[in-house]
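Heads up: the structure comes next, in structure tokens.
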There are 2 protein chains.
Amino acid sequence: MANVETKQLTEAQDRFVAAWGKMGTAWGISRTMAEVHALLYITGEPLCTDDVMERLQISRGNASMSLRALLEWGIVERVHRRGDRKEYFQAEQDVWVLFRAIVRERMKREVDPMRASLYEIRDLTEDRVSKDAKDPALVAHNKRLDSMLEFLETMEKMSASFVSPAGRGLQAAAKILGFVGGGRAEPRPSSPGGSTPDSEREAG
Amino acid sequence: MANVETKQLTEAQDRFVAAWGKMGTAWGISRTMAEVHALLYITGEPLCTDDVMERLQISRGNASMSLRALLEWGIVERVHRRGDRKEYFQAEQDVWVLFRAIVRERMKREVDPMRASLYEIRDLTEDRVSKDAKDPALVAHNKRLDSMLEFLETMEKMSASFVSPAGRGLQAAAKILGFVGGGRAEPRPSSPGGSTPDSEREAG
DNA sequence: CAGAAGTTTCAGAAGAAATTGAAAACATCG
DNA sequence: CGATGTTTTCAATTTCTTCTGAAACTTCTG
């Protein structure tokens, strides 16, 4: 039987899971959550809570929490099997859809609140400046705040256009600019259209 | 005296520092490091280790570590004062330069290693596939790996173009696409050209 | 409705990361 | 060279996050 192959496959998957988990921590995502996602992604097929627990050697609580968080991020979806009461989970398979979902969530969670704070903070000193711009320190301070604010707003708008329903802005740009497809001569044996497989139904 | 104004200014700065620090943690940067950067940015002028310690109420060791890390990231630079043995530190003031530096560093630290891992992992199973593509699980697995790899490479190339010496790709695009400048009718009293002051020397 | 199968919650345990503080190393000056 | 002021290092400690496991809860089935 394909025993050797299966072992190799498992090992490769485990390594992928580990690498992804490590990267997750650097981005403020818990290791386990990233690992669960990696497992679902690389496996491709729907897994249930017990599968995840066993494969990753984690507790039920942890698996449940991580899966729910992934659902909230919109990068994993529930799948039901006829005649089976268990819930199964499947990861989004299109990397670009994945990327857009992540950008959308992070914007919502981190940039938007930051922007709101910045407005508040500016209001603490603003009126005084416009009334009678005498204190140079205050003026300079507000100029810096405004720069940052304008930057965040630009990011906001750009990301919104990347993430919009029709919004494949970045992906389209990547293609137009020639960033996608046969760049460096790294041996790549198969799947020429690999980055956006059509064999995938959109998540949701 | 401008006592009221100064108090307001200090409070606004403290709030900015806190907000920035909070955001930092969500991005895998230690809170203190982000706070030190925020302080230097919003202050605008060079501060020494003791200034930072006092203002942020942190230990000498912590301040020293954080400042050095910021130097390594290339978003803060050393400044020396004539007739003063202390070192002073000043933050990059152009938000776009700051952003590019951050993208560059994160790519280098997180994406590149990930990409390297992915290549290794693919090699674990690859030869078998190209030799005799019989196991569908293996084929599918490698297709997913390739998708991810191609995605990371696209990102790599795009970010490289944003970060290159002449590379103001993203910033230029933002302007061309009309993302920069008077979008929403939020009251903005001053500094029309705020986001790209010409007063920048490249960091590093 | 009772029982079975599955999922979620949460207080405490375990683990990871950040921080301190004091000693060591370093640099500059007279 | 030794005195003096500055920066770096790192083991111990504190703080924060994540994980566990068992109980509570929900949903389905006969």
Side-chain angles (χ1 to χ4, degrees), chain A residues 17-40 46-73 76-90 106 109-110, chain B residues 17-40 46-73 76-90 106 109-110:
Chain A
V17 166
W20 201 246
K22 201 167 131 210
M23 179 149 148
T25 58
W27 288 85
I29 291 163
S30 97
R31 199 188 82 259
T32 303
M33 182 174 153
E35 285 184 349
V36 171
H37 175 259
L39 177 63
L40 292 175
L47 301 180
C48 68
T49 307
D50 295 82
D51 295 335
V52 172
M53 285 169 61
E54 192 187 346
R55 185 74 186 269
L56 261 36
Q57 290 295 308
I58 59 176
S59 72
R60 182 171 301 284
N62 198 2
S64 173
M65 296 280 236
S66 298
L67 285 167
R68 194 148 47 76
L70 290 168
L71 288 172
E72 268 162 29
W73 275 72
V76 160
E77 61 180 2
R78 271 183 236 266
V79 174
H80 284 283
R81 279 184 179 169
R82 198 168 302 287
D84 188 342
R85 258 159 79 181
K86 273 207 205 70
E87 284 187 322
Y88 290 76
F89 300 88
Q90 185 165 32
R106 298 213 78 142
R109 286 161 201 240
E110 284 123 37
Chain B
V17 166
W20 202 247
K22 201 168 128 209
M23 179 149 145
T25 57
W27 288 84
I29 293 163
S30 97
R31 201 187 80 258
T32 302
M33 183 175 152
E35 285 184 349
V36 171
H37 175 258
L39 178 63
L40 293 175
L47 301 180
C48 69
T49 306
D50 294 84
D51 295 334
V52 172
M53 286 168 61
E54 193 187 345
R55 185 73 185 268
L56 261 37
Q57 291 294 307
I58 58 174
S59 73
R60 181 172 301 285
N62 198 0
S64 174
M65 298 279 236
S66 298
L67 284 166
R68 194 146 47 77
L70 290 168
L71 289 172
E72 269 161 31
W73 275 70
V76 158
E77 61 182 359
R78 271 183 235 266
V79 173
H80 283 284
R81 278 184 181 171
R82 198 168 301 288
D84 188 341
R85 263 158 76 180
K86 274 206 204 71
E87 283 186 323
Y88 290 76
F89 301 88
Q90 185 166 32
R106 297 213 78 143
R109 287 163 200 237
E110 284 125 35

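Proteins get letters first, then strands, A, B, ... in listed order; numbering begins at 1 in each.
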Task: B/Ser64 side chain near D/dT7 phosphate (N/O to OP1/OP2, under 4.0 Å) - done: no

TODO: Indicate whether OP1 or OP2 belonging to C/dT9 is found under 4.0 Å from a side-chain N or O atom of A/Arg68.
DONE: yes

TODO: With DNA chain C as reference, determine whether A/Asp50 or A/Thr25 sits nearer its 5' end, using the nearest nucleotide of each.
DONE: A/Asp50

TODO: Report yes if at least one side-chain N or O of B/Ser30 is closer than 4.0 Å to OP1 or OP2 of C/dA17; otherwise report no.
DONE: no

- [ ] Indicate yes or no: at least one non-hydrogen side-chain atom of A/Lys86 is less than 4.5 angstrom from one of A/Asp50.
- [x] yes

TODO: Starting from P on C/dA13, measure out to CG on A/Asn62 and report it in whole angstrom.
DONE: 18 Å

Open item on the list: Between C1' on D/dT6 and CG on B/Leu47, what's the gap in Å once rounded to a whole number?
Closed with: 17 Å

Open item on the list: Looking only at the side chain of A/Arg78 (C-beta and beyond, no hydrogens), which of the listed nucleotides C/dA4, C/dT19, C/dT8 gets closest?
Closed with: C/dT8

Task: Whole angstrom value for the distance that separates C1' of D/dT8 from CG of B/Leu71 - done: 13 Å

Open item on the list: Taking the minimum atom-to-atom distance to the side chain of A/Arg60, which one of C/dT7, C/dT9, D/dC19 wins?
Closed with: C/dT7

Task: Nucleotide D/dC28, atom P - distance to CZ of A/Arg81 in whole Å - done: 18 Å

Task: Under-4.0 Å side-chain N/O to phosphate OP1/OP2 contact, A/Arg85 with C/dT7 - done: no

TODO: Report yes if a side-chain nitrogen or oxygen of A/Thr49 is closer than 4.0 Å to either non-bridging phosphate oxygen (OP1 or OP2) of C/dG6; otherwise report no.
DONE: no

Task: Residue pair B/Val76 / B/His37, side-chain heavy-atom distance below 4.5 Å - done: yes

- [ ] Take the protein atom CG of A/Asp51 and the nucleotide atom P of C/dT7, then report the distance between them rounded to whole Å.
- [x] 11 Å

TODO: Take the protein atom CG of B/Leu67 and the nucleotide atom P of D/dT8, then report the distance between them rounded to whole Å.
DONE: 9 Å

- [ ] Rounded to the nearest angstrom, tell me the gap between atom CD in A/Gln57 and atom P in D/dC19.
- [x] 14 Å

- [ ] Take the protein atom CD1 of B/Ile58 and the nucleotide atom P of D/dT15, then report the distance between them rounded to whole Å.
- [x] 16 Å

TODO: Ignoring the backbone of A/Lys86, work out which of D/dT18, C/dG6, D/dG21 is nearest its side chain.
DONE: C/dG6

- [ ] Return yes when atom CD of B/Glu72 has more than 12 non-hydrogen atoms of other residues, nucleotides or ligands closer than 6.0 Å, and no otherwise.
- [x] yes

- [ ] Using a 4.5 Å cut-off on heavy atoms from C-beta on, say whether the side chain of A/Leu70 contacts that of A/Phe89.
- [x] no

TODO: Locate the shortest heavy-atom distance separating A/Arg106 from A/Trp27; write the atom from each residue and the value.
DONE: NH1-O, 2.7 Å

